[in-house]
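First listed ligand is number 1; within each ligand, the first listed atom is number 1.
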Amino acid sequence: MRKSVKPELLAPAGNMEKLRMALLYGADAVYLGGKILGLRAFAGNFSPDEMKEAVRFAHGMHKKVYVTVNIFAHNEDLTALPDYLRSLQEIGVDALLISDLGIWSIARNVIPDMPLHVSTQANTTNWAGVKAWEQLGASRVVLARELSFAEMREIGDRTEVELEAFVHGAMCISYSGRCWLSSYLTGRDGNRGACAQVCRWEFGLTEQKRPGEQFDVAEDERGTYIMNSKDLCLLPYLPELMKAGICSFKIEGRMKSAHYAASVASVYRRAIDACWDAPDAFAVKQEWLDELEKVSHRPYTTGFALGKPDAAAQVYTTSAYLQTHDFVGLVRGWQEGRLTVEQRNHMKAGEELEVFLPDGSLRSLILQDMRDGEGNCIDCAPHAQQVFTCRAEEEIPASAILRRKAV
Ligand code: SF4
């Protein structure tokens, strides 16, 4: 019988800013990748110094940092691995996510005290697999996304080890990145966490002797979106996940924006708290759904949770993202009736913005008396990421998000 524990909310951290926002807006833990060894070759992952800062920041809030070491490793990846693993232990990260059995066995020998989590890229889809990992010393298994609640519940009933499951974010048609499309066409490897979601592109057909002449590959007049899954959203099903014994609810999306990290973490924080306090009375609030519509996403689906997805889990009309609001600025501080703002998207004096606070509440702000760093009056901030001040009678905390309705 599993002990009932309040599930952890685990958020993606693609860089230091996203890490801060996810934790400030309610995540209990974050997962991130390192740059060493080329395990995460693309920009936005953490250098050793950044990882130290990440751990310092998270531990200062009594929260956790997990590091992904979950590539499909080749021989050449193993040479530098022991030193890398020791450095992660010295930095004080809380656990490693691993999918490759070779990396697992080296980690067990080199850093035997480090908690090891089995990454979703190991594609664990049954209780026997979970037990096998448990016998190999796993402290947690991240279940494959391709499982129903009934399957999760049976796994929960028949095993003891901690179970983690994805609750929100993009779905992959190829079992969590087991696909070469992105690597082949963009050099960004889905097996190394850098997928460019190439499967959703609109492809055409050209004939060798007619270069430049493109023929549409189309199911209908709109095109072909045969591998264009909707995004996972299990918000209404948190009680089912808790009953299945899932102890960590994971949000996908290290490549998403700081706004996304904050917003999704905030919604699930409030929902997990409500569900834990009164599971039988749990009901999704409209304000949570509204919040999830504000950030960049595709239409939502329950994925495999209610059974095998059918055609309704795919989008056949477009591969574009939806969002009802644009992230335009980040509050850096407030003093004596003036707000310091870092611009993220064009803003101009007089416009009304929505302020989204770390406690999940909303306010409105009319941009008045905008001034640049030298104190000159400005109508708008001409440069991306320019810092300016504006009037705000009421205090607004640092890290509040400014956004406006998308047109
Ligand atoms: S290109 Fe598509 S199917 Fe391939 S790994 Fe990326 S999301 Fe998955």
- Message: Among all the protein's non-hydrogen atoms, which is closest to atom 8 (Fe) of ligand 1, and how far away is it?
- Response: C172 SG, 2.3 Å
- Query: Considering only the protein, which heavy-atom contact is closest to atom 7 (S) of ligand 1, and what is its distance?
  - Reply: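 Here the closest protein heavy atom is C195 SG, 3.6 Å.
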- Task: Rounded to the nearest 0.5 Å, what's the gap from OH on Y260 to CG on L292? Could you check?
- Result: 8.0 Å
Under a 4.0 angstrom heavy-atom cut-off, which atoms of ligand 1 come close to [X]?
X	result
C199	1 (S), 2 (Fe), 3 (S), 7 (S)
V198	1 (S)
S174	3 (S)

If we count only N and O atoms by modelled type, under 3.5 Å, do the side chains of [X] and [Y] hold a donor and an acceptor together?
X	Y	result
H59	D94	yes
R210	T206	no
Y268	H168	yes

- Item | Derivation and outcome, side chain to side chain donor-acceptor pair (under 3.5 Å), residues S399 and R20 | CA-CA 9 Å; S399 300; R20 282 200 196 95; over 6 Å; no
- Any N/O/S atom, backbone or side chain, of C179 lying under 2.8 Å from atom 4 (Fe) of ligand 1? yes
